[in-house]
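Taking it in order: structure first as structure tokens, then the write-up.
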Amino acid sequence: DGGAGTDTVMVDSIADAATVTLASSYNLSNVENLQVAAAATATYTVNASGQAGLEKIAVVENATSGNVTLSNLAADVSVELQNSVNAVDIDTVTVSLLDATGSADALDVTLKGTAGHGTDNDVADLAFSNIETLNITSAYMGTTALGAAEANDISDISADTSLTKITVSGTEKTILSVGSEASNLATVDASAAADDFTVDISAFAASSTVTGGAGNDTFTMGTRLAAGDSVDGGGNRTVAGDTLTAVVTGLTATTGVLSIANVENVDLTNNGTAVLNVAAVTGTSAINLFATSDTTTVNGIGSNHTIGL
């Protein structure tokens, strides 16, 4: 019994293929935070059903790697992914809620990388279903912030058509790639992110809204950019600014009406025919057009635009 205050219990060396059901495996009460870690390369499951008072489960990557399943989380239980050892990343983390039948379910995930990793602190895959909003906070382990070449990185967010919104906040660089399963994802809001934010949103739904934060952000749109989309890069960490890349082949006078703000570098590739209207593109340093043997018509050019060929 943890009694009053905020208490933490760590369960380590979980065996490969084990399922730990908190309510029956451990006699815990008034314990708000649970840290779990596995034996080397173990794949395991933590079942939170019936564990009253739990507020957070932290998955500790302690020089091992293996897939982790966190099941039956109550609606107010958050997840923390601790990439605590250099040169080792976190494998697939699958999360499910005890009750995800509502239309406004949210999952709060904190990413904590380690300074000195030298590269990205990777989570191979964050998988979940029947959750409408994913809230990500990007932070760090210990007392030292991530270095200039380091970031918290989720290589694949494997959701489903329930996911409609992702928010990003925190002090550290963040890289996200969203899988094609999340075909109804329409909003990514990183306005509360203090450092660089990189997102691949090639699989977005039509008419998407994307907002960057205070860093130098990178938006990879694939063939998704079209009329109805709204991209705002927000502020910048340095004068290099934000970058948006997209393939605009096939856009017409109707579908090629672009709405982009505060993205300094807009790089558009056309491998055929495209008609663009950039009247609502503001705050750019350059709109760069790339391709060979293409025909690109650009309408709405104002005194605030620089077109790079």
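Note that these values count all heavy atoms, side chains included, but never hydrogens, waters or copies made by symmetry. Each residue takes its place number in the sequence, starting with 1. These numbers come from a predicted model, not from an experiment.
Between L185 and S208, every side-chain heavy-atom pair lies at or beyond the 4.5 Å cut-off. No side-chain heavy atom of L225 sits under 4.5 Å from any side-chain heavy atom of T245. Under the 4.5 Å side-chain criterion, counting only non-hydrogen atoms from C-beta, F197 is in contact with V188. Residues L22 and V46 form a side-chain contact, since some pair of their non-hydrogen atoms from C-beta on lies under 4.5 Å apart. The closest side-chain heavy-atom distance from L258 to I287 is not below 4.5 Å. Within the 4.5 Å cutoff, the side chain of M10 has heavy atoms near those of the V60 side chain. Looking at heavy atoms from C-beta onward, L134 lies in side-chain contact with L126 at the 4.5 angstrom threshold. Using a 4.5 Å heavy-atom cutoff, the side chains of L70 and V77 are not in contact.
Listed for the T255 side chain is no donor-acceptor partner under 3.5 Å among the backbone atoms of L251. No donor-acceptor distance shorter than 3.5 angstrom exists from the side chain of H117 to the backbone of D122, with no hydrogens or angles considered. With hydrogens and angles disregarded, no donor-acceptor distance shorter than 3.5 Å links the side chain of E172 to the backbone of A139. With N216 contributing its side chain and R237 its backbone, the two residues share a donor-acceptor pair below 3.5 Å. A distance-only check finds no donor-acceptor pair linking the side chain of D229 to the backbone of V231 [under 3.5 Å]. Formation of a donor-acceptor pair under 3.5 Å by the T249 side chain with backbone atoms of N271 is found in this model. The backbone N or O of A240 lies less than 3.5 Å from a partner atom in the side chain of N265, making a donor-acceptor pair. At least one donor-acceptor pair closer than 3.5 Å links the side chain of D160 to the backbone N or O of N130. Remark: side-chain polar atoms of N121 are paired, donor with acceptor, to backbone N or O of T114 under 3.5 angstrom. Looking at D16, its side chain does come within 3.5 Å of a backbone N or O of T43 through a donor-acceptor pair.
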Report task. Let me see the working for L289 and V298 under side chain to side chain contact (heavy atoms under 4.5 Å, CB included), right down to the final yes or no. Result -> CA-CA 10 Å; L289 304 177; V298 183; 3.8 Å; yes
Report task. Would you please test D153 and S155 for side chain to side chain contact (heavy atoms under 4.5 Å, CB included) and show each step? Result -> CA-CA 6 Å; D153 182 354; S155 299; 4.0 Å; yes
Report task. Decide side chain to side chain donor-acceptor pair (under 3.5 Å) for N288 and D267; before the verdict, give the C-alpha distance in whole Å, the side-chain angles of both, and the deciding distance to 0.1 Å. Result -> CA-CA 5 Å; N288 299 308; D267 297 340; 2.9 Å; yes
Query raised in the report: side chain to side chain contact (heavy atoms under 4.5 Å, CB included) between I166 and I157: does it pass, once the steps are laid out?
Result: CA-CA 10 Å; I166 296 175; I157 296 175; 4.1 Å; yes
**Report entry** Derivation and outcome, side chain to side chain contact (heavy atoms under 4.5 Å, CB included), residues V59 and Y44
**Finding:** CA-CA 11 Å; V59 176; Y44 63 96; 3.9 Å; yes
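Residues S191 and D189 bring a donor and an acceptor atom of their side chains to less than 3.5 Å of each other. Using modelled atom types and a 3.5 Å distance limit, the side chains of T296 and D294 yield a donor-acceptor pair. Side-chain contact check for N135 and D108: at least one donor-acceptor pair (N or O, by modelled atom type) lies under 3.5 Å. Residues T164 and N184 bring no donor and acceptor atom of their side chains to less than 3.5 Å of each other.
Residues L146 and V88 are members of separate hydrophobic clusters, defined by side-chain heavy-atom contacts under 4.5 angstrom among Ile, Leu, Val, Met, Phe, Trp and Tyr. Cluster annotation: I307 is not connected to V247 through the hydrophobic network of ILVMFWY side chains, with a link wherever side-chain heavy atoms come within less than 4.5 Å. Clustering ILVMFWY residues whenever any of their side-chain heavy atoms sit less than 4.5 angstrom apart, transitively, puts L107 in the very cluster that holds V123. Both I154 and L163 belong to a common hydrophobic cluster when Ile, Leu, Val, Met, Phe, Trp and Tyr are linked at side-chain heavy-atom distances under 4.5 angstrom. Both I14 and V93 sit in one connected hydrophobic cluster of ILVMFWY residues. Membership requires side-chain heavy atoms under 4.5 Å apart, directly or through other members.
The two residues D242 and D217 come nearest to each other via the heavy atoms OD1-N, 2.7 Å. Here the shortest heavy-atom pairing between D89 and E61 reads O-CG, 3.8 Å. Contact record, E132 with G102: OE2-O, 3.5 Å, taken as the closest heavy-atom pair. Of all heavy-atom pairs spanning N270 and A274, the tightest one is ND2-N, 3.5 Å. Nearest heavy-atom pair, A246 versus M221, reported as atom, atom and distance to 0.1 Å: CB-CB, 3.8 Å. The two residues S183 and T161 come nearest to each other via the heavy atoms OG-CG2, 3.4 Å.
From L244, atom CG reaches atom CD of E264 across 11.5 Å, with rounding to the nearest 0.5 Å. Atom CD1 of I90 and atom CG of N83 lie 4.5 Å apart (nearest 0.5 Å). With rounding to the nearest 0.5 angstrom, the OG1 atom of T94 is 7.0 Å from the CG atom of D125. In this structure, E55 CD and T8 OG1 are separated by 10.0 Å, a value rounded to the nearest 0.5 Å. Within the model, atoms CD of E150 and CD1 of I175 stand 11.0 Å from one another, a figure rounded to the nearest 0.5 Å. Atoms OG1 and CG, on T218 and D196 in that order, are 7.5 Å from each other to the nearest 0.5 Å.
Of the options T174, T171, D195, a side-chain hydrogen bond (donor to acceptor under 3.5 Å, both in side chains) to S138 is made by T174 and by none of the others.
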